[in-house]
Amino acid sequence: KTLMIAAESALYSAKADGRGTWRFFEPELQTQQAERRQLEADLRLALAQGQFELAYQPQVNTTAGTVTGVEALLRWRHPRRGLVSPAAFIPLAEETGLIVPIGRWVLAQACADAAGWPAGVRLAVNVSAVQFQQGGLLSDVLSALQASGLPPGRLEVEITETAMLRDPQHALATLGELRANGVRVAMDDFGTGYSSLSTLRSFPFDRIKIDRSFVRDAETRADTRAIVRAVAGLGRSLGMSTTVEGVETASQLEIVRNEGCEEVQGFLFSRPQPAAAIPALIEQL
Ligand code: C2E
Ligand code: MG
Ligand code: MG
């Protein structure tokens, strides 16, 4: 029995790396897989048990200093593990398809929260490629808007480039339908995927979010600043706004403002906060 489990574990790991590979059995591997199965079992219960929460991070206009939008970020408060980061469970939620009901909950909850905030403030919600592919995204978005009363123009859906590349035709169609319904669409983590420029050409985005890896280097590297400047210019020419993610210091803010980016998001202004803290934050920033 133990031998069977070991063999299965090695097979599983080889499969995960693609066809035509093989693996020796390693005890460590088996622990990892048991861990993963446990996490998956926990994830299946999390929604029903109300373990998800949303944190919100303001997006700030670089010249006016006002809050123009707020991004909803998913948090899992696990009964034993404590707060689990999205990086640790979203890939698993995608593989198991659980991201579809979870994403539906995120949309409904975020729209309900945001409906009570000032009318000038947008709500940004992250969606996964799997939500696109399984087809229900548009109807989930429309139901969330209807139930909350949030005007469609205040909602912005964030998608990563990699998400679209999996099934570009379908992604393009869904983006078009969202926009036809007045919902805005942003490309998240710009600059980290492949063929960024051709994606911008074929998809009708309202906003480009420049990945925070560019900000991190902007203080020390002129080439990185040149890229930020070029993307901001490209956005302007294509009629898209640009938001820079991960701004942590005043000097980073100064740089991206000078390079022509209109909006920033980052720890400099605020870490992600519970919904209850947001109205005061909007007033105060
Ligand atoms: P993202 O959409 O690019 O979100 C920005 C991430 O950067 C957030 O991490 C945020 O907390 C973090 N961040 C913001 N400002 C700073 C800063 O100044 N410095 C640093 N170091 N980090 C900063 P978080 O909340 O851990 O989320 C990670 C990713 O998980 C998100 O990246 C997004 O891709 C995904 N995600 C989060 N919520 C959802 C969701 O509801 N649905 C889906 N499908 N994905 C989600
Ligand atoms: Mg995002
Ligand atoms: Mg991002």
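Counting convention: from 1, in listed order, for ligands and their atoms alike.
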Looking at [atom], is any protein heavy atom nearer than 4.0 Å to it?
atom                    : value
atom 29 (C) of ligand 1 : no
atom 32 (O) of ligand 1 : no
atom 9 (O) of ligand 1  : no

Side-chain ion pair, [X] and [Y], N-O less than 4.0 Å:
X      : Y      : result
Glu263 : Arg122 : yes
Glu156 : Arg184 : yes
Arg37  : Glu40  : no
Glu71  : Lys209 : yes
Arg80  : Asp42  : yes

- Find, among atoms of Asp189 that are N, O or S, the one nearest to the Mg ion (ligand 3), and state its name.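 Going by distance to the Mg ion (ligand 3), the closest N, O or S atom in Asp189 is OD1.
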
Among protein heavy atoms, which lies nearest [atom], and at what distance?
atom                    : value
atom 5 (C) of ligand 1  : Glu245 OE1, 3.8 Å
atom 12 (C) of ligand 1 : Arg212 NH1, 4.1 Å
atom 18 (O) of ligand 1 : Phe267 N, 2.8 Å
atom 42 (N) of ligand 1 : Asn126 O, 3.3 Å
atom 46 (C) of ligand 1 : Ile90 CD1, 3.2 Å
atom 1 (P) of ligand 1  : Asp188 OD2, 3.7 Å
atom 27 (O) of ligand 1 : Pro86 CG, 3.5 Å

- Query: Should we say atom CZ of Arg81 is surrounded by more than 12 heavy atoms from elsewhere, each under 6.0 Å from it?
  - Reply: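 Result for CZ/Arg81: enclosed.
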
- Would you give the length of the straight line joining atom CG of Leu150 to atom CG of Leu155, rounded to the nearest 0.5 angstrom?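 Nearest 0.5 Å value for the CG-CG distance: 6.5 Å.
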
- Gap between atom CE of Met187 and atom OG1 of Thr199 - 0.5 Å precision: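 Going from the OG1 atom of Thr199 to the CE atom of Met187 covers 4.5 Å.
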
- Is it the side chain, the backbone, both or neither of Val247 that has a heavy atom closer than 4.0 Å to ligand 1?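 The backbone, only.
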
- If you measure from each non-hydrogen atom of Lys209 to ligand 1, which part falls under 4.0 Å: side chain, backbone, both or neither?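 For Lys209, there is no contact with ligand 1 at all, from either part.
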
Look at ligand 1 and say whether [X] reaches it with a heavy atom at a distance under 4.0 Å.
X      : result
Glu248 : yes
Arg75  : yes
Pro272 : yes
Ser85  : no

Do side-chain atoms of [X] reach the backbone of [Y] as a donor and acceptor pair under 3.5 angstrom?
X      : Y      : value
Asp189 : Thr192 : no
Gln134 : Gln131 : no
Arg229 : Val256 : no

- Flag Asp188 as yes if one of its N/O/S atoms falls below 2.8 Å of the Mg ion (ligand 3), otherwise no.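 Yes, since at least one N, O or S atom of Asp188 sits under 2.8 Å from the Mg ion (ligand 3).
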
- Query: With a cut-off of 2.8 Å, does any N, O or S atom of Glu158 fall short of it relative to the Mg ion (ligand 3)?
  - Reply: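 Given the 2.8 Å cut-off, Glu158 does not count as a ligand of the Mg ion (ligand 3).
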
Element-labelled atoms of ligand 1 that are located less than 4.0 Å from some non-hydrogen atom of [X]:
X      : answer
Val106 : 41 (O)
Gln57  : 14 (C), 15 (N)
Leu73  : 4 (O), 8 (C), 10 (C), 11 (O), 25 (O), 37 (C), 38 (N)
Ser128 : 44 (N)
Leu74  : 37 (C), 38 (N), 39 (C), 40 (C), 41 (O)

- Is the distance from the Mg ion (ligand 2) to some N, O or S atom of Glu71 under 2.8 Å?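 So Glu71 does bind the Mg ion (ligand 2) by this criterion.
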
- Using only heavy-atom distances, determine whether the side chains of Gln57 and Gln265 contain a donor-acceptor pair under 3.5 Å.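 Note: Gln57 and Gln265 side chains meet the donor-acceptor criterion.
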
- State, to 0.1 Å, how close Tyr56 and Ala72 come at their nearest heavy-atom pair, and which atoms those are.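 Shortest heavy-atom separation between Tyr56 and Ala72 comes out as CE2-CB, 3.6 Å.
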
- Task: Mind listing the closest non-hydrogen atom pair of Val228 and Cys261 along with its distance?
- Result: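 Distance-wise, the nearest heavy atoms are CG1-SG, 3.7 Å.
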
- According to the interplanar angle, ranging from 0 to 90°, do the rings of Phe89 and Trp76 count as parallel (below 30°), tilted (30 to 60°) or perpendicular (above 60°)?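 Ring orientation, 0 to 90° scale: perpendicular.
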
